[in-house]
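For reference, the structure discussed in these notes is given below.
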Amino acid sequence: MAGPPGMSGGRCLSRWIISFALFMTTLLLFRPFASYILPLGISKSLPIVIRPSSFNWTSLTPHHATPPHTYLPTSRVQVPSIQHAFEPEGRSDAARRIPRQKAVLAAFQRCWQNYKAHAWLKDELEPLTGTGKNTYGGWAATLIDSLDTLWIMGLKAEFLDAVRAVAVLDWANTTGTACNMFETNIRHLGGLLAAYDLSQEQALLTKAVELGDMLYAGFDTPNRIPPFWLNFEQAKHGNLIAETHQISASVGSFSLEFTRLSQITEEPKYYSAVAHLVSVFEEHQNSTALPGMWPTFIDARNTKFEENSFTLGALADSLYEYLPKMYSLLGGQEAIYKKMYMDAMDAVGKHLLFRPMLPDNNDILFSGTATVSKGIVTLNPEGQHLSCFAGGMFILGGKLFSRQEHLDIGTKLTRGCAYAYDAFPTGIMPEIFDMLTCPSLTGCNWDEERWRRHGNKNLPKGFPRVHVPSYILRPEAIESVFILYRTTGDEALQDLAWRMFQAIQKATETPYGNAGIDDVTAISGQAKQKNSMESFWLAETLKYFYLIFSPPDLISLDEYVLNTEAHPLRRPS
Ligand SMILES: *[C@@H]1O[C@H](CO)[C@@H](O)[C@H](O)[C@H]1NC(C)=O
Ligand SMILES: *[C@@H]1O[C@H](CO)[C@@H](O)[C@H](O)[C@H]1NC(C)=O
Ligand SMILES: *[C@@H]1O[C@H](CO)[C@@H](O)[C@H](O)[C@H]1NC(C)=O
């Protein structure tokens, strides 16, 4: 698989060759000494020094009552396998796959070397100016988010350099007075836990526990529901309280990371905290305006679920994604996650899925947004790049719960996003757009007259409006293509992924990395680039591209469950 990097951008390549040469020289000179004190290998040649954070969150006494602990389940259940039974790879398949894998590795390497050179320890690299900026508290978001990708790509020396930096991070040293609990959980805590699961480096666990304890302090509210912002001073003084209009995903997306932290540390408080949240969602699942689903915004302070907009897209997404994934992480031992997932997806199937009207009557699906008014459900047939994860979620659910219908829906949703990639001149799907719909999921004939009335001649047929034409390096489409590939073994999906990768590279590559673009509807190559490279580009998008071109046992879905930031957490065996 991935050995040392093969290709890289010019400047980075020479930097890399020099440091590699120095490293090898050192290694050859001191080999007997190094292997004597470091039996585990060369990469351990510098010690990893852990420096504790300057504030210890566990020293605080909680201000609000905590209910008795919920303990991790211990019974044993058989969970169906998820991955396709792949045959050994033939020579011609390998000859097609490996150059693609190397191209993804090279794209990652270029970004990583530029991050190291120009934005080290900053949250993000600015890919147009070669500078760095802090967007998530100044705790090196890109570095932490990239740890497991470095490991997976076989870049072990780079990985250990990054671990050394993580080992001295101080969560009390931050650029903000508050942190975004959702993002810090999925990117930082998820990233540390996955990197620990892969490498067993103690420093990663120490920092994960420190951070987990900080985020856990966010649960110290009157109803044990965390607010969106963890304001540090308020948390220390017992003044935190959840909001009355709070993003539902921001409440419902702690479960995987907190559960894994309890599994690893055997400290039940993290799992208890999220088990409580799940029971709140369960209690209200059937009494919302769209029974089975939870509204995009909830009154988290008063535990009310009365708003009327429902989607699998922005603001709600991972709330749903985490239900089957929790079932997976808990080894099938908690049936409640299956029930909540099945009930939610019944509602999605009835009210959110739609089949677009297209010239070739393609059998594909999208998931839109529903609003409910006086009991009447209205579907807004909008596609969102963020909703593209839903294909993968349905496929995972279909596998875990042996539901062919979910496998079919998941496949069609995944193909829907792939269709939208191919439809636009840049070969990339926009952030948010509308489609013309068929009256039912069984399809309909193309109606040229209807298209003329609603369409826009500058847009591909079937897409009357593009509300947000940007692409900000998001992963959700390749994520579902990857899951479909690992569950079917269909090699045509690797060709599709390669097409997507090339389109994205062409439109987003910059002298220093990759940049979001403003308009995927612009004629190929003309989209304006923005000075932003979110950490999920390295954590998720390039990881999924790399994995789809890697042997299927690298991060097998039967061994790992990936959090919503693509961080693989080890499932119990
Ligand atoms: C943090 O505080 C707790 C409780 O007072 C204590 O048990 C723990 O050892 C402290 N951790 C560190 C790293 O000092
Ligand atoms: C705080 O973090 C910044 C980077 O964000 C770093 O430059 C500085 O040295 C840190 N300060 C301490 C006291 O660790
Ligand atoms: C919610 O409604 C569904 C469908 O009517 C039903 O199957 C399920 O048991 C209900 N759940 C609860 C907790 O009442």
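In listed order, ligands and their atoms are each counted from 1.
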In terms of relative ring orientation, are His406 and Phe394 parallel, tilted or perpendicular, with 30° and 60° separating the classes? perpendicular
Is the Phe366 ring parallel, tilted or perpendicular to the Phe354 ring (thresholds 30°, 60°)?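 Ring orientation of Phe366 relative to Phe354: parallel.
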Closest non-hydrogen protein atom to [atom], residue and atom name please, with distance?
atom                    : value
atom 3 (C) of ligand 1  : Thr58 OG1, 3.3 Å
atom 11 (N) of ligand 2 : Asn173 ND2, 2.7 Å
atom 6 (C) of ligand 1  : Asn56 ND2, 4.1 Å
atom 5 (O) of ligand 3  : Asn286 ND2, 4.9 Å
atom 8 (C) of ligand 3  : Lys339 NZ, 3.3 Å

Give a yes-or-no answer on whether the side chains of Asn531 and Thr129 include a donor-acceptor pair shorter than 3.5 Å. yes
Measuring centre to centre across the rings, with the benzene-like ring taken for any Trp, is Tyr341 within less than 6.0 Å of Phe401?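 Distance test on ring centres: under 6.0 Å, yes.
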Within 4.0 Å of some non-hydrogen atom of Asp343, the atoms of ligand 3 are 8 (C)
In Å and rounded to the nearest 0.5 Å, what is the CD to CG distance from Glu534 to Leu125? 12.5 Å
Considering only heavy atoms of Gly138, which atoms of ligand 2 have at least one such atom less than 4.0 Å away?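 Those qualifying, in numeric order: 5 (O).
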Is the shortest side-chain N to carboxylate O distance from Asp145 to Lys543 below 4.0 Å?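 No.
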